There are 2 protein chains.
Amino acid sequence: MNYEKYPNKSLSRSPTLEDVAKAAGLSPMTVSRALNNPKIVRPTTVARVMEAVNLTGYIPNMLAGGLTTRRTKLIAVVVPQINNNMFVDTVQAIGDELALRGYHMLLCIVGYDTDSETDIVATLLSRRPDGIVLTGIHHSSELKRIILNANIPVVEIWDLTPTPLDMLIGFSHEKIGQAVGHYFLGKGYSRFGMVCASDRRAQVRKNSAIDVLRQDPQNVVEEVTLPAPANMEVGRTAFRHLLQKSERFDVIICTSDTLAQGVIMEAEARSLRVPEDLKVIGFADLNFAAHNRPAITTVCVDKSRMGQQAATMLADKIEGLEIAEHVVDIGFSLVVRESA
Amino acid sequence: MNYEKYPNKSLSRSPTLEDVAKAAGLSPMTVSRALNNPKIVRPTTVARVMEAVNLTGYIPNMLAGGLTTRRTKLIAVVVPQINNNMFVDTVQAIGDELALRGYHMLLCIVGYDTDSETDIVATLLSRRPDGIVLTGIHHSSELKRIILNANIPVVEIWDLTPTPLDMLIGFSHEKIGQAVGHYFLGKGYSRFGMVCASDRRAQVRKNSAIDVLRQDPQNVVEEVTLPAPANMEVGRTAFRHLLQKSERFDVIICTSDTLAQGVIMEAEARSLRVPEDLKVIGFADLNFAAHNRPAITTVCVDKSRMGQQAATMLADKIEGLEIAEHVVDIGFSLVVRESA
DNA sequence: TTGTATGCGTTATCAT
DNA sequence: ATGATAACGCATACAA
């Protein structure tokens, strides 16, 4: 446990630019330049500085730096959850891309039923991030005011609107619901079950699908909504609830692949074969969907690209680059596999 | 798109304590106290301050605050991945607990094969976090030096050693491997397949299990290691590789439930019934394991508690509270379900 | 209970 | 190419 410290052991506080400057026999300003903009410093001087940095174990203080430059290289990211598989790919992609661009990610996981998004964002802004990523497009007017007042780039993700706060990359939940509805409409099925998580965007997908399915008045549509997060257990439970509402279904439409996987498990536990006896469709094309048995028919959205591009848009805007499109619809695709 | 800004519209920079002070007809110091320690300020004064805060849309600048107090309310968290289900619960628990204690989480996802952990931590330290969470116990001596020099609390997670950098909460991968080995040893099985992700801790579990299984010289053990992250597809692929090494197995031991799920899928695709024809065991007790068909036998570790407690230990230490145990072994339990 | 002076560690700006 | 000075926004320490 007795690792050696740096030779400059007398310091209780961590070494500053001034300590490095003394060690190098230079002014703090020159050291600062050597570290941040070495091109404009004589190479031999840069070398002296580096030596002094190693000697002292100097680590820059970005609090002080950010205070003067008003740039923090920090991006705040607000997502509802990360343990339901839905947002994890996006968050990881954001983090990866930001790291490449030299930014750090301040991650805030707020849950689905937060009425305090506004307060949370306000505290995040006290770190003076250079940009912020928000999930979804529904925010309080107070939040909008705060963010616009902070005057930093914002990217909203995972939804679509022509009037974002600033920039947006996402997709239309309404269109996805409609696409799913139309896929089944006219295939001759008539008994539909909807399994939905209590998440606003999931509701939109569900309701849009129902609107389409109801175009045929013959169709029967039952639905179950359970509290987020959506996991396999919830899917199994939801299907049991559905079976109490009606004893037979042709199709179960789920608002996530995890729910779909649960429905399939529960169906097979009841000797219902998927897809022979029952069709099941999910959403998101999570990493297991293609490899499940049966492979899960789903709606694919490019979760990683969304994150990567959200980070890129932010970094570009922060760095003064031109943003080609402030609103990017990354679309979706119906992926027909075995389950439906 | 034309949301109103705060009345105090003339300011291009964001309002400071001084702006609030002017609006309230007080000194900046009084405003600071009213916000941070209202008890020592006259209630009517606090009210005046709050009014001025609302009027100006003031949001504190924690860069400036942290610079003087040397406390940032920021915790850096370093994990290999979050999209393989393994660490997500822990990260979410850390984030939740930190939020409760008033801290923000700076999340860094570094991958499994990073040789640059040291550099990454160094840049994280430039934010002057109040504490840091590291995954695993194997760090470069340079990293140790940097961290000890920074003189901030550290919690290592997901592994066990009597000599942590500072604090630790985790479990023994060696013991888990041994427990799995012993579970199967003497059950009469003799043909074992190991499916492993290329992650150091997974290797330890695998090797410890093998050591136990080899205690019976009759036993045949084949193994396949594939690059992390472990997902269902990798599990299916790995099982195919195993079947090229030997045509029959009694038991497949996987270093994660996701791999186990993949192996089961692949087995059933080949008309091998689990558990009748083949036993499969996973690791981690991920959220789907209990609800899979067959339910997956696995080793449960309390991933959320580990995160929650890691955050608690850090916050406690930062706030000067007594830490009961600097090394916490949260243990594990073999959860026997259907698959093995 | 409130106010004043000072310093935290850095960089912008201006000088040399 | 390098240095001196001031300022960033806040809280500590002390004064009133």
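Chain naming here is simple, since letters A, B, ... match the order of the sequence lines and numbering starts at 1 in each. The shown structure was predicted, so the numbers you read here are calculated from the model rather than taken from an experiment.
- Taken from CE in B:M105 to CE in A:M105, the straight-line distance is 8.0 Å, to the nearest 0.5 Å.
- The distance from the CD atom of A:Q309 to the CE atom of A:M167 is 11.0 Å, given to the nearest 0.5 Å.
- Ionic pairing of B:R145 and B:E142 is present here: one or more N-O contacts between side-chain nitrogen and carboxylate oxygen are shorter than 4.0 angstrom.
- The overall bend of the helix from C:dT1-D:dA16 to C:dT16-D:dA1, read as the angle between its terminal helix axes built from five base pairs each, is 30° when rounded to 10 degrees.
- The list of ring pair (Phe, Tyr, Trp, His ring centres under 6.0 Å) pairs with a residue in residues 103-136 of chain B, not counting sequence neighbours, is empty.
- Between A:R13 and A:D19, at least one side-chain N (NZ, or NE/NH1/NH2) sits under 4.0 Å from a carboxylate O, which counts as a salt bridge.
- Between A:N37 atom CG and D:dT2 atom P the separation is 13 Å, expressed in whole Å.
- Other residues, nucleotides and ligands contribute only 12 or fewer heavy atoms inside 6.0 Å of the CD atom of A:E325.
- Rounded to a whole Å, the NZ atom of A:K22 is 14 Å from the P atom of D:dG3.
- Within 6.0 Å of CZ on A:R200 lie no more than 12 heavy atoms contributed by other residues, nucleotides or ligands.
- Going from atom CG of A:L26 over to atom P of D:dA4 covers 11 Å, rounded to whole Å.
- Distance B:D19 CG to D:dG9 P: 9 Å, rounded to the nearest Å.
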#### Entry: Under 4.0 Å protein heavy-atom contact, by nucleotide of nucleotides 8-16 of chain C - B base, S sugar-phosphate only
BBBBB----
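- The pair A:R101-A:D316 counts as a salt bridge, with a side-chain nitrogen and a carboxylate oxygen less than 4.0 angstrom apart.
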